[in-house]
Amino acid sequence: MKISSVAVFFAFITLLIFTWRLLNWVWLRPKKLERSLRKQGLTGNSYRLLHGDFREISRMNNEANSGPISFSDDTVQRVLPFFYHSIQKYGKNSFTWLGPKPVVNIMEPELIRDVLLKHNAFPKPPPHPLGKLLATGVVALEGEQWTKRRKIINPAFHLEKLKHMVSAFQLSCSDMVNKWEKKLSLDGSCELDIWPYLQILTGDVISRTAFGSSYEEGRRIFQLQKEQAHLVAQVTQLVYVPGWRFFPTKTNRRMRQIRNEVNALLKGIIEKREKAMKVGETANHDLLGLLMESNYREMQENDERKNVGMGIKDVIEECKLFYFAGQETTSVLLLWTMVLLSKHSNWQDRAREEVLRVFGNKKPDGDGLNHLKIVSINPIYIQYSNPS
Ligand code: HEM
């Protein structure tokens, strides 16, 4: 056979394999999975080529978000309209097509318990190839790797350690309330959209509590990560074509640029801390300081060569995760707390009475916070301080 015919033959085989894989990805595999899900008694929309339910999800989200929220609205219909309608139509156990990938929705506590406990049968789904640029860290790990990493991270979230951060919380809150006070008109009232303020508040709190002494760099990281989260939210609503992340599109380039800048900023902060730790400077009580101390201890206790602790790349990823995990979650929680307190003014009165009784005109402190019953500590922190 001539060389040119060998080349044509291989090109033909490659094309055949590529076509087969494409067909399998967009049609054969989803249809096979659909048959298998239906056999198990699950119901949902029939698979639609490539997009699955994405178009309907996006249309329903846009419709639901087009008007203002009213107090009488059902929150679920507004926040997750597609899933709400899916449950009405298909019941509590159903499936949804995120592109060619089916996602099983379950609502029965027993089933949810099974999924959370049977780690081997239900491993974490692989992260979105572009989503990884936002943060990975402990949340993406499994099994022994997760246990080891959690052991290092846990001391940073002990309730005792969190008490040192109360003054940082207080500082950011009074900054925000001062700004609000300046907006008041003569009758002592004003109309204000508090959402942007709450986002800045939690961004500030995480910058102070995670990077204390490097607060300014922390704020820059916060802005960049916020933009990255926005881009990730955009790309994850579209079908991901394998290999797409390598294309130099505007979004892909910006996402890499942000990743590189955030990594460089964090590397700088971490290296500065490492130097300070080596010359025996006093420990920092911020999350990064606690994380690095715990990592150092872990490496000392075990043999450094055994690769037990985290390298600089791992520390960078954990810092990025702190931002992602701690900012939007808390600002949304605060906003909804305020919405609900406005809706239920009797609880608002009780909460205000309690705060004034415990603190009066004093600045809030850790001990006082422990005495609050109505405005109580987020149980999530208790969960963090009791690792399994
Ligand atoms: C209202 C506030 C918060 C809510 C509702 C919340 C919710 C959650 C949830 C549901 C997970 C599990 C995610 C999964 O496994 O897929 C998680 C994990 C995590 N969160 Fe939060 N979170 C909040 C605040 C915070 C804060 C303030 C931080 C830190 C600064 C934080 C750090 C983490 C970390 C490190 C993980 C990964 C834990 C692990 O995989 O072992 N979270 N959070």
Side-chain angles (χ1 to χ4, degrees), residues 17 19-65 72-132 136 138-147 232-242 244 325 329 332 336 379-380 383 388:
I17 294 172
T19 314
W20 169 253
R21 285 202 169 163
L22 185 70
L23 192 68
N24 195 37
W25 176 60
V26 295
W27 189 253
L28 299 176
R29 191 166 179 272
K31 287 310 273 182
K32 190 173 156 204
L33 288 171
E34 183 175 348
R35 280 194 297 276
S36 155
L37 288 168
R38 290 196 194 282
K39 234 191 218 168
Q40 292 172 61
L42 290 151
T43 46
N45 288 338
S46 287
Y47 172 66
R48 280 162 288 187
L49 189 70
L50 200 59
H51 292 281
D53 293 326
F54 263 144
R55 283 194 175 137
E56 218 173 323
I57 293 175
S58 147
R59 182 183 54 77
M60 284 186 164
N61 282 345
N62 290 341
E63 252 170 46
N65 291 327
S72 54
D73 271 353
D74 180 344
T75 320
V76 183
Q77 282 188 53
R78 163 103 191 184
V79 179
L80 295 168
F82 178 85
F83 293 95
Y84 175 82
H85 286 287
S86 196
I87 289 159
Q88 302 294 312
K89 196 166 164 191
Y90 296 116
K92 284 191 173 176
N93 298 326
S94 61
F95 55 83
T96 300
W97 292 100
L98 298 184
K101 199 166 68 176
V103 173
V104 174
N105 310 309
I106 49 168
M107 290 183 72
E108 285 168 27
E110 274 307 304
L111 290 180
I112 296 173
R113 190 171 178 275
D114 259 11
V115 171
L116 292 177
L117 290 179
K118 294 179 183 162
H119 301 255
N120 291 336
F122 300 101
K124 293 175 185 174
H128 189 285
L130 282 164
K132 278 199 283 196
T136 52
V138 64
V139 76
L141 300 179
E142 287 273 18
E144 206 188 328
Q145 275 187 317
W146 177 85
T147 314
V232 168
Q234 276 178 1
V235 295
T236 47
Q237 292 208 9
L238 303 168
V239 179
Y240 180 76
V241 179
W244 182 249
T329 42
V332 168
W336 278 102
I380 271 178
Q383 175 209 320
S388 50

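FYI, the numbering just counts along the sequence from 1.
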> Looking only at atom types and distance, does a side-chain atom of K118 sit under 3.5 Å from a main-chain N or O of R113, one as donor and one as acceptor?
Replying inline: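 Not a single qualifying donor-acceptor pair exists.
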>> Using only atom types and a distance under 3.5 Å, with no angle test, would you say the side chain of K124 pairs donor to acceptor with the backbone of L141?
In response: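 Flag set: sc K124 to bb L141 pair under 3.5 Å.
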>> Show, in sequence, the C-alpha distance, side-chain angles and deciding distance for F54 and L238, and conclude whether the side chain to side chain contact (heavy atoms under 4.5 Å, CB included) test is met.
In response: CA-CA 7 Å; F54 263 144; L238 303 168; 6.0 Å; no
Enumerate donor-acceptor pairs with a distance under 3.5 Å from any side-chain N or O in residues 94-101 to protein atoms, sequence neighbours excluded.
{"unit_1": "S94", "atom_1": "OG", "unit_2": "N105", "atom_2": "ND2", "d": "3.2"}
{"unit_1": "T96", "atom_1": "OG1", "unit_2": "N105", "atom_2": "ND2", "d": "2.9"}
{"unit_1": "W97", "atom_1": "NE1", "unit_2": "N45", "atom_2": "O", "d": "2.9"}

Out of curiosity, [X] [atom1] to [Y] [atom2], how far, rounded to the nearest 0.5 Å?
X    : Y    : atom1 : atom2 : answer
N24  : I17  : CG    : CD1   : 13.0 Å
M60  : S86  : CE    : OG    : 8.5 Å
L117 : I112 : CG    : CD1   : 12.0 Å
D53  : F83  : CG    : CZ    : 8.5 Å
L22  : L28  : CG    : CG    : 10.0 Å
F82  : E56  : CZ    : CD    : 5.0 Å

Does [X] have more than 12 heavy atoms from other residues, nucleotides or ligands lying within 6.0 Å of its [atom1]?
X    : atom1 : answer
N120 : CG    : no
R29  : CZ    : no
K32  : NZ    : no

By side-chain contact (heavy atoms from CB on, under 4.5 Å), which residues pair with [X], not counting sequence neighbours?
X    : answer
R55  : H51
V115 : I106, F122
L49  : V26, W27
T236 : H128, V232

Are side-chain heavy atoms of [X] and [Y] found at a separation under 4.5 Å?
X    : Y    : result
Y240 : L130 : yes
M107 : N93  : no
R38  : E34  : yes

> Step by step, would you call L50 with W25 a side chain to side chain contact (heavy atoms under 4.5 Å, CB included)?
Replying inline: CA-CA 9 Å; L50 200 59; W25 176 60; 3.9 Å; yes
>> My understanding is that only residues two or more places apart in sequence, or in another chain, count here; which of them pass side-chain hydrogen bond (donor to acceptor under 3.5 Å, both in side chains) with R59?
In response: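 Result, side-chain hydrogen bond (donor to acceptor under 3.5 Å, both in side chains) vs R59: E63.
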> For Y84 and Q77, does a side-chain donor sit closer than 3.5 Å to a side-chain acceptor?
Replying inline: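 Result is yes, a qualifying pair exists.
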>> Quick check: closest heavy atoms across N65 and R78, and the distance to 0.1 Å?
In response: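 Distance-wise, the nearest heavy atoms are OD1-NE, 3.7 Å.
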